[in-house]
Amino acid sequence: MAVQEELRPLVDLAGPGPSAPATVAGLDVAYAEGGDLLAAAVTVLDARTLAVVDSAVGVGRPAFGYVPGLFAFRELPALLAALDRLTTTPDLLVCDGHGLAHPRRFGLACHLGVITGLPAIGVAKTPLVGVWDQPSAERGSWSSLRDGGEVVGRVLRTRDGVKPVFVSVGHRMSLENATAQVLALTPRYRLPETTRTADRLCRDALAEAEQARWLAGQSGHQEVGRRSRKP
DNA sequence: GCGACAG
DNA sequence: ATCTTGTCGC
């Protein structure tokens, strides 16, 4: 929590950010039942075609328990490790969670942005803080997300008649530009293509890891057939 | 004090 | 986040 207060001033809220990024990255994490295993994924898409041009995944252990508001500490290590494995540097990070729409104005998107130095925004499926009016039903309509008298994000409708998403600035991006980028990433579904591709990737990686762990448990890390042999 | 609470 | 049955629609 002190770390968030310390890094918060480093968030760059000046420029509008890239208006036409060439590549956009999606980041997401999947958890196993017991909560002792996770898979983090980053997918980089061509901003124009939305095709995946690079990606990285990694499995590991949660670095922290889940505590609303301290969420970043849980996923950050695994996500940073995945980012390091990319062969390209994306022009924008689209995080699965909030940016400024956070109790201390320093959500996961801000944290990732400050640490990597890259423009970042947060796109969350549910609110964490703030109040808002329901945006109208058409895709593209939005309303301000306000908390403590200040605008911390937008409630954006990405599909006609579908539950809106919560968009907030993370680092080096304006709220206006963040909104435009999210709309560009949602030509068909409620969630950005970046989030969807990263979600699929980490889920698959987690399933593989769980299967591997299960197989290891069956053989007890010994040669197959060894334990069925009589002493 | 009580409830709410990104993933 | 994850679990989980049926349901509605392209």
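Every chain is numbered from 1, with letters handed out A, B, ... down the list of sequences. No hydrogens, no waters, no symmetry mates; every other heavy atom, side chains included, goes into these values.
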Do Val169(A) and Phe106(A) sit in the same hydrophobic cluster, where Ile, Leu, Val, Met, Phe, Trp and Tyr count as joined when their side-chain heavy atoms come under 4.5 Å apart? yes
Taking side-chain contact (heavy atoms from CB on, under 4.5 Å) as the test, write out the residues that go with Asp54(A), two or more places apart. Val44(A), Leu86(A), Thr87(A), Thr88(A)
Taking transitive links into account, so neighbours of neighbours count too, which hydrophobic residues share a cluster with Trp132(A) at under 4.5 Å side-chain distance? Leu145(A), Val152(A), Val155(A), Phe166(A)
Taking only residues two or more places apart in sequence, or in another chain, which ones meet Ala39(A) in a side-chain contact (heavy atoms from CB on, under 4.5 Å)? Val59(A), Cys202(A), Ala205(A), Leu206(A)
Watson-Crick and G-U pairing of DNA chain B written in dot-bracket, each distance under 3.5 angstrom, with | for inter-strand partners: .......
For a 4.5 angstrom cut-off between non-hydrogen side-chain atoms, does Val182(A) reach Leu156(A)? yes
Could you identify which residues cluster with Val57(A), counting Ile, Leu, Val, Met, Phe, Trp and Tyr as linked when any side-chain heavy atoms lie under 4.5 Å apart, either directly or through a chain of such contacts? Leu201(A)
Would you tabulate the pairs of protein nitrogen or oxygen atoms and nucleotide nitrogen or oxygen atoms of nucleotides 3-10 of chain C closer than 3.5 angstrom?
none

Can you list the stems that DNA chain C is part of, where a stem is at least 3 pairs in a row, each Watson-Crick or G-U, with both distances below 3.5 Å? none
Can any side-chain N or O of Arg85(A) pair as donor or acceptor with the backbone N or O of Ser55(A) at less than 3.5 Å? no
Applying salt bridge (charged side-chain N to carboxylate O under 4.0 Å, His left out), name anything that partners Glu150(A), two or more places apart in sequence or on another chain. Arg105(A)
Excluding sequence neighbours, so at least two apart, what forms side-chain contact (heavy atoms from CB on, under 4.5 Å) with Arg200(A)? none
Would you say Arg159(A)'s side chain and Pro187(A)'s backbone share a donor-acceptor pair under 3.5 angstrom? yes
Mind checking side-chain contact (heavy atoms from CB on, under 4.5 Å) for Arg154(A) and listing every partner two or more places apart, or none if nothing turns up? Trp142(A), Leu175(A), Glu176(A), Thr179(A)
Please report, to 0.1 Å, the donor-acceptor pairs under 3.5 Å made by any side chain of residues 7-24 of chain A, with sequence neighbours excluded.
unit_1, atom_1, unit_2, atom_2, d
Arg8(A), NH1, Arg104(A), O, 3.0
Arg8(A), NH2, Glu5(A), OE1, 2.7
Asp12(A), OD1, Ala14(A), N, 2.9
Thr23(A), OG1, Asp91(A), N, 3.3

Per-nt protein contacts along nucleotides 2-7 of chain B (heavy atom under 4.0 Å; B base, S backbone sugar-phosphate only, - none) come out as ---SBB
